Number of protein chains: 2
Amino acid sequence: MRMHSASREALEASFRELCHRNQLAVTHQRSVIYRALMEMPGHPSPEEIFARVRREVPSMSLATVYKTLHSFLHAGIVQEVSPHHGSLRIDHNLNTHHHLVCTNCRSITDIDDDAVRPIALCGRLPRGFRVERYALEIHGLCERCAAQTGGAAASAPRRGRHSSGAGSRHAPTH
Amino acid sequence: MRMHSASREALEASFRELCHRNQLAVTHQRSVIYRALMEMPGHPSPEEIFARVRREVPSMSLATVYKTLHSFLHAGIVQEVSPHHGSLRIDHNLNTHHHLVCTNCRSITDIDDDAVRPIALCGRLPRGFRVERYALEIHGLCERCAAQTGGAAASAPRRGRHSSGAGSRHAPTH
DNA sequence: TTAAACATGAAAGTCGATTTCAAAAGGGTG
DNA sequence: CACCCTTTTGAAATCGACTTTCATGTTTAA
């Protein structure tokens, strides 16, 4: 415990700065969630974060975790692993190719190219991982969304936001 | 219309061969779905496929689309864009890094490395796409899942399959 | 052709993920 | 320190994405 206090304080300090920079109130819950995020290896889901954070703050509610994650995502303090986590997406192109994913409208466009192949796979892979395929995922704003949102960063897209004709949908390349 | 019939027949022929090779009955619905998949640009969701296919076969049901997609996925006729589409996953590492994703247990492991950067972004990108970040997604079987499933290909994983302690879960790197 | 095996459609069901809401508590600014 | 606005809570409601069911219709293999 004693050993952690230095890094914990450093984390707390950087968290406070992040909050101020992003005009977020510094609350105990947010601080605990932030620390959990920074200390959890891998790519935790909201439920996993909730489970961990509850050990420290048993009164924490799942709703708070979701809201805090949204705040952090919006502020760019953390990222989503993938902007297209909502539902199954089919890919009929079995060749190696890459994906341009719009973080706003979630459209996915292919780029054929396997120049990446030789570089990507030399070394670095842990022993035992059996590679089936790989793709470079390039996340950003497609031309239309870039035009719509202008220079401003897009806010974190919500699930289902694009399912009807309304909103920022614009018949992407699906 | 006339112009398409040649490629349509070719598609139909390859579809029949795929079905025979995979011991799938050749049905009209499957054929229509297959053609839709091959003709739809991008990476359609089941709903989008359903919407398109309905134009041709109004009686088609969403359940059939799902069942057919599963058959196709199982047979390797198409792929999932990403094996981790189930729910939000948080990534607190804002540096460029890559993801090793297990197609069986859906664990995600980071690999730090930006050797890919210079190659990936030269040329190829369509005009107007505003890149925010990129990551090489390497899909395959992690060591444990590779050991469990042996040489056999893993069947298409189902949602929620790994959420409890049971099944093939083995406390991945979350 | 014909029977067994398999596929389909419509509707209801499941289920995890996420949001809502009203009340209570907590920050931050003056 | 006071006051107002933002946050947190906890439970319930919602949502969206699939899945199951089962009676009926097709496909296939012999």
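Numbered from 1 within each chain, the chains take letters A, B, ... in sequence-line order. Not measured: the values here are computed from a predicted model. No hydrogens, no waters, no symmetry mates; every other heavy atom, side chains included, goes into these values.
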Seminar exercise, completed: B:Phe50 CZ to D:dC18 P, in whole Å, measures 14 Å

Exercise. In B/S/- notation, 5' to 3', how is nucleotides 24-30 of chain C contacted by protein heavy atoms closer than 4.0 Å?
Worked result: ---SS--

Problem set entry | Cationic N near anionic O, under 4.0 Å, B:Arg35 to B:Glu56 | yes

For this session: Write down the distance between CD1 (B:Ile49) and C1' (D:dC18), rounded to a whole number of angstrom.
Result: 14 Å

Problem set entry | Note: B:Glu143-A:Arg130 ion pair, threshold 4.0 Å (strictly below) | no

Exercise. For the pair made of CG in B:Asn22 and P in C:dA7, what is the distance, rounded to whole Å?
Worked result: 12 Å

Pairs: protein N or O with nucleotides 10-14 of chain C N or O, under 3.5 Å:
residue	atom	partner	partner atom	Å
C:dA10	OP2	B:Ser59	O	3.3

Exercise. Do B:Leu73 and A:Leu94 share a hydrophobic cluster (ILVMFWY, side-chain heavy atoms under 4.5 Å, transitive)?
Worked result: no

Problem set entry | SB check B:Arg21 B:Glu17 (cutoff 4.0 Å) | yes

Exercise. For the residue pair B:Cys142 and A:Phe129, what are the closest heavy atoms and their distance?
Worked result: CA-CD1, 3.6 Å

For this session: Could you give me the CA-CA distance, side-chain angles and deciding distance for B:His99 and B:His139, then say whether side chain to side chain contact (heavy atoms under 4.5 Å, CB included) is met?
Result: CA-CA 8 Å; B:His99 293 139; B:His139 301 163; over 6 Å; no

Exercise. With sequence neighbours left out, what residues match A:Arg30 under salt bridge (Lys or Arg N to Asp or Glu O under 4.0 Å)?
Worked result: none

For this session: Decide, yes or no, whether a salt bridge links A:Arg16 with A:Glu12 under the criterion of side-chain N to carboxylate O below 4.0 Å.
Result: yes

For this session: Just call it for B:Leu62: base, sugar-phosphate, or nothing, with non-hydrogen atoms closer than 4.0 Å on any strand.
Result: nothing

For this session: Give the rounded distance in Å between these two atoms: CD of B:Glu48 and P of D:dA17.
Result: 10 Å

Problem set entry | A:Glu56 CD to D:dT8 P, straight-line distance once rounded to whole Å | 15 Å

Exercise. Below 4.0 angstrom from OP1 or OP2 of C:dT19, is there any side-chain N or O of A:Tyr66?
Worked result: no

Exercise. Could you give the CZ-to-C1' distance, from B:Arg30 to D:dT27, as a whole number of Å?
Worked result: 10 Å

Exercise. Do you know the tightest heavy-atom contact between B:Ile77 and B:Tyr34?
Worked result: CG2-CE1, 3.7 Å

Problem set entry | Separation of atom NE2 in B:His74 from atom C1' in C:dC6, rounded to whole Å | 15 Å

For this session: Could you check how far CD of B:Gln23 sits from P of D:dT27, rounded to whole Å?
Result: 18 Å

